[in-house]
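What follows is a single structure, written as structure tokens, with notes after it.
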Amino acid sequence: MNRNHALLSNKTLTAQACATKLRTEKVNLYYGSFQALRNITLDIHACAITAIIGPSGCGKSSLLRLFNRMNDLIPGARVEGNVELDGILIYSPGIDVVELRKKVGMVFQKPNPFPMSVFENVAFGPRRHGMSNRAELEEIVEKSLRHAALWDEVKDKLEQSGLALSGGQQQRLCIARVLAVEPEVILMDEPCSALDPLATLKIEDLMRNLAQEYTIIIVTHNMQQAARVSEMAAFMMMEEDRAGVLVEYGPTSELFTNPKDKRTEDYITGRFG
Amino acid sequence: MVDRWLIAFYIYVVVNIAVIVLAVIKAKMTRKISERTAFVFLGLATALAVLPVLFIIVYTIINGAGAISWSFLTQAPSQAGKAGGILPVIIGTFYLMLGTLVFALPIGVMAGIYLTEYARDNWLTRLINMAIMNLAGVPSIVFGLFGLSVFVLAFHFGLSLLAASLTLASQALAMVITTSREAILAVPREYREGSLAIGVTKWQTVRHIVLPQALPGIITGVVLAISRAAGETAPILVTGAAFLVPRLPGSPLDQFMALPYHLYTVSSNVPGMSKTTMWGVALVLLVVVLSFDVLAAVIRFRSRQRI
């Protein structure tokens, strides 16, 4: 625990040196008449990992999906307030959602490789964005797979179905698929919840490496995971009939060792509920 | 496509009887005996359902096989169908199937895509979906009259292959749209999300992720719809099928001969018709329709294996 703590303080310093990549200001999100996020204001630092933690149903995923507008796909979803990427309001009318999602990629809870070969899975994004030169595609596929720490395991079976890989490999394939479109932000929605501990560790190592180049936001149930990988952490909760409350946001080390809010303390010490 | 409704009716009646008898028995007998009785009745119901189909196939083969010969399949009919072969009849039916395919496939699949991927889920969409499903239940002669008034008369296509194909396609559309919708809805949402989340457009997602996955289901539906269209008599009766055109149709605006209508005329309107020739026509029609049903089953089976 002590060693962890020291590590966390170091990370905090880097986090503070970073610029703001994403910002939400007084954001409310509604699904029909249900309010899923309440008055959320926070700054997400570039080149850092931000964890969103909290109990099920508190609005973690809704907050995450705010940043690539995946909530738009849900009929009746409505956003109030400002969400900025590099100072640009991403919910303003002129925004091209497709371009936004190229910059803000997403990895899902359940690994969801497409039912096609490993190569085609990674090449899918670049192809759809207009790249057709085979050599260029091969280059970006290899680069992305290396980046996702998967190349050595799949380099001899690029033509095999992506569905034939193990769960952890599938999830890294999904990460490679995102990396191939060269995003700036990667959103991860409980990326390890369907994986065994070893595969989880691999993904966490990968996240630490990726954090040097990308802004990463991860939603997780697992507080040890949040403590292990993130520099910043947001704790969300639901209160009685109100979901989507941001209780506390700050450097992970402080949130875990010296929480300002009683509710945060109760949750992280397991005295919740 | 031997009368499925008849079979369904058989099953319905037998299952009902079985249920009633079982209820009575259950009140009186031990569990072991009621188990055995259930087995017997359910087996009987299945047999009753399968037997008519087997009977029709076997009976048609026995009676019609004698008529099948190389000249029967490759010559034009003469003496009102009493002599010669049925080549123009077979070709006419194939043209009809092709015409139905050409019109029903693109429109049906595109409508299926629109209704599942693009249309908002509101009362209008639900109404349209319901209307399409009900369309499949509209009697075929009604489609025939629709084709007569719209394609034959209003569009001035006349009694023709084109008008008949369009009429059959209108009828097949309901089935093509319904099966396309089901196949498209069966594609997991995760695939769509994974694609959209890396900045791929909705249409690209549909084109490159959803359609390839849904294709086996769509093809199965289309093949079944086409095979059903091949067996229809009423819609083509009033839109272009002719009793006797002893040559192949040269243009889409020609009249044509087709198997079901030919069978209808030779079996009811030609005195002194040989029974063997009649059953021969029936056998050819049965083979055409059943082979398409088998094709649909093969496609379904192979796509299931691939997953």
Side-chain angles (χ1 to χ4, degrees), chain A residues 61 64-65 67-76 96-116 120-130 144 161-164 170-171 173-189 194, chain B residues 109 112-130 180-220 299-307:
Chain A
S61 292
L64 191 73
R65 286 163 176 251
F67 298 121
N68 64 346
R69 294 187 58 171
M70 282 302 264
N71 288 327
D72 291 15
L73 302 180
I74 298 163
D96 182 349
V97 182
V98 170
E99 285 302 313
L100 171 73
R101 291 186 186 141
K102 259 170 86 172
K103 282 189 195 159
V104 185
M106 185 163 196
V107 177
F108 296 84
Q109 185 171 356
K110 201 178 127 206
N112 59 347
F114 301 135
M116 44 181 87
E120 287 303 325
N121 259 284
V122 184
F124 187 79
R127 268 193 208 281
R128 300 290 87 80
H129 298 140
S144 307
S161 167
L163 297 171
Q170 286 190 12
Q171 195 60 298
L173 180 62
C174 294
I175 294 174
R177 187 172 73 191
V178 169
L179 296 179
V181 298
E182 296 172 344
E184 295 165 16
V185 181
I186 303 174
L187 308 175
M188 297 187 170
D189 192 354
Chain B
V109 173
I113 293 172
Y114 178 78
L115 286 171
T116 46
E117 299 288 330
Y118 289 92
R120 293 215 184 124
D121 185 24
N122 54 23
W123 65 270
L124 183 64
T125 310
R126 282 195 286 271
L127 186 74
I128 291 172
N129 283 333
M130 209 170 69
S180 299
R181 277 188 63 226
E182 276 162 17
I184 290 169
L185 284 176
V187 177
R189 199 173 47 106
E190 287 83 11
Y191 293 160
R192 292 183 180 81
E193 286 191 334
S195 174
L196 293 172
I198 52 175
V200 173
T201 64
K202 179 139 196 171
W203 168 243
Q204 287 177 322
T205 303
V206 170
R207 161 77 186 74
H208 295 280
I209 300 281
V210 178
L211 275 188
Q213 281 297 296
L215 206 57
I218 293 175
I219 293 174
T220 307
I299 294 168
R300 235 187 352 252
F301 179 71
R302 288 189 52 171
S303 71
R304 212 174 283 157
Q305 268 188 329
R306 213 184 47 182
I307 298 162

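Chain naming here is simple, since letters A, B, ... match the order of the sequence lines and numbering starts at 1 in each. Here the structure is a predicted model, which means the values were calculated and not measured.
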For chain A, the option from B:Lys202, B:Arg192, B:His208 that forms the most heavy-atom pairs under 4.5 Å
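Max contact count across the listed options: B:His208.
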I'd like to know which of A:Leu163, A:Leu100, A:Asn112 tops the heavy-atom pair count under 4.5 Å against chain B.
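That would be A:Asn112.
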Among A:Arg127, A:Lys102, A:His129, which has the most heavy-atom pairs under 4.5 Å with chain B?
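Looking at each option in turn, the highest pair count goes to A:His129.
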Could you measure the distance from the [atom1] atom of [X] to the [atom2] atom of [Y]? Nearest 0.5 Å is fine.
| X | Y | atom1 | atom2 | answer |
| --- | --- | --- | --- | --- |
| B:Ile198 | A:Phe124 | CD1 | CZ | 6.5 Å |
| B:Leu196 | A:Met106 | CG | CE | 11.5 Å |
| B:Ser195 | A:Arg101 | OG | CZ | 10.0 Å |

Pairwise side-chain contact, A:Pro115 with B:Gln213, heavy-atom cut-off 4.5 Å (strictly under)
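Yes, their side chains come closer than 4.5 Å.
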Any side-chain heavy-atom pair of A:Phe108 and B:Glu190 under 4.5 Å:
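No, side chains not in contact.
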Please classify the contact of [X] with chain B as side chain, backbone, both or neither, using a heavy-atom distance under 4.5 Å.
| X | value |
| --- | --- |
| A:Arg177 | both |
| A:Val178 | both |
| A:Pro183 | neither |
| A:Val104 | backbone |

Nearest heavy-atom neighbours spanning B:Ala197 and A:Asn68:
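Scanning both residues, the minimum pair turns out to be CB-ND2, 4.4 Å.
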Closest heavy-atom pair and its distance - A:Phe114, B:Tyr191:
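Residues A:Phe114 and B:Tyr191, closest heavy atoms: CE2-O, 3.3 Å.
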Would you say CZ of B:Arg126 has more than 12 non-hydrogen atoms from neighbouring residues, nucleotides or ligands within 6.0 angstrom?
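For B:Arg126, atom CZ is crowded (more than 12 foreign heavy atoms under 6.0 Å).
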Carboxylate-amine/guanidinium proximity below 4.0 Å for A:Lys110 and B:Glu193:
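B:Glu193 and A:Lys110: not salt-bridged.
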